[in-house]
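For this chain, numbers begin at 1 and follow the sequence in order. All ligand and atom numbering here is 1-based and tracks the order in the structure.
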Amino acid sequence: MSLLDIRVLGDPILRAETTPVVTITDEIRRLVRDMFDTMHAAKGIGLAAPQVGRSERLAVVDVEDNPIVIINPEIVSAEGKAKAEEGCLSIPDIYGDVERPANVRVRALDIEGRAFEVEADQLLARCLQHEIDHLHGKLFIDYLSVLKRRAAINKWTKEKEKYPGAIRRLTPAEVAEHHHRDEEL
Ligand code: K1U
Ligand code: ZN
């Protein structure tokens with residue numbers, strides 16, 4: 001098991017389009033496992049490939065102990081509107097209210113390459129949309145009003161000094177807590 005470094009705002013990979021996955025290789029399966037481990041260690045509910053420096057179109061989510069891998073995901077329908085606070089593992093300590101469709105249906109491939117659909121509301125709907133945005137180079141701060149976005153970016157100007165090279169390496173405490181949890185399971 002490996003914990004991966006997380007790329008933070010400023011790394012151009014977070015703004016790039018991803019490439020669809022054509023073949024689910026052993027290497028992709030290992031990447032997915034490492035992404036779940038990294039997401040759990042960082043206490044996130046989602047993680048997209050660009051956040052760990054990869055350009056494949058895939059992400060993992062885990063809301064209320066329901067781990068889901070989405071490969072080449074697409075939103076096939078979206079309804080309603082809901083506003084709630086979001087954070088991002090690639091913009092630590094910055095938060096903002098984002099309005100998004102309240103309900104979505106997402107079509108994707110699972111880790112075996114089988115097509116499936118998931119219908120989601122509440123936090124899962126928000127998380128799926130946040131992760132699919134990452135796969136198209138979009139970040140939650142892009143939805144903020146001009147003033148709130150400017151405030152978030154100003155705060156980030158100071159925060160980013162903690163992440164030389166735009167890399168967030170999980171702290172020894174985060175890694176140790178993760179290993180401890182792993183042993184208990
Ligand atoms: O992609 C990411 O950066 C992960 C991000 C996903 C996300 C959080 C909140 C709303 C939508 C999507 C996070 O997991 S940040 C951690 C966090 O803010 C959170 C953790 C548990 C519950 C709710 C939020
Ligand atoms: Zn994010």
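- Neither the backbone nor the side chain of Met39 comes within 4.0 Å of ligand 1, counting heavy atoms alone.
- Among all non-hydrogen protein atoms, the one lying nearest atom 9 (C) of ligand 1 is Gly87 N, 3.9 Å.
- For a threshold of 3.5 Å applied to N or O pairs, the pair formed by His130 and ligand 1 contains at least one separation below that value.
- Residues Leu58 and Leu4 are members of one and the same hydrophobic cluster, defined by side-chain heavy-atom contacts under 4.5 angstrom among Ile, Leu, Val, Met, Phe, Trp and Tyr.
- Considering every non-hydrogen atom in both Leu135 and Ala48, the closest pair reads CD2-CB, 4.0 Å.
- Close approach to Arg126 involves these atoms of ligand 1, each under 4.0 Å from a residue heavy atom: 11 (C).
- Listed by atom number, the atoms of ligand 1 under 4.0 Å from Gly44 heavy atoms are 14 (O).
- Atom-to-atom distance recorded for Glu64:CD and Cys127:SG is 11.0 Å, nearest 0.5 angstrom.
- Listed by number with element, the atoms of ligand 1 under 4.0 Å from a non-hydrogen atom of Gln51 are 1 (O), 2 (C), 3 (O).
- Residue-ligand proximity, Glu131 to ligand 1, at heavy-atom distances under 4.0 Å covers atoms 1 (O), 2 (C), 4 (C), 6 (C).
- Checking only distances, Leu47 never comes within under 3.5 Å of ligand 1, N or O to N or O.
- Of all protein heavy atoms, the one closest to atom 17 (C) of ligand 1 is Lys43 O, 4.8 Å.
- For ligand 1 and Glu86, the ligand atoms under 4.0 Å from any heavy atom of the residue are 10 (C).
- For atom 22 (C) of ligand 1, the candidate residues are Val98, Ile45, Leu128; the nearest heavy-atom contact is made by Ile45.
- Of the N and O atoms on the side chains of Asp97 and Tyr143, not one donor lies less than 3.5 Å from an acceptor on the other residue.
- Counting non-hydrogen atoms of other residues, nucleotides and ligands closer than 6.0 Å to CD of Gln122 gives a total of 12 or fewer.
- Remark: at the Zn ion (ligand 2), atom SG from Cys88 and atom NE2 from His134 enclose 110°, rounded to the nearest 10 degrees.
- Checked against Phe36 for a side chain to side chain contact (heavy atoms under 4.5 Å, CB included), the options Val60, Leu47, Leu31 give a single hit: Val60.
- The two residues Ala84 and Arg126 have their closest heavy-atom pair at N-NH2, 3.3 Å.
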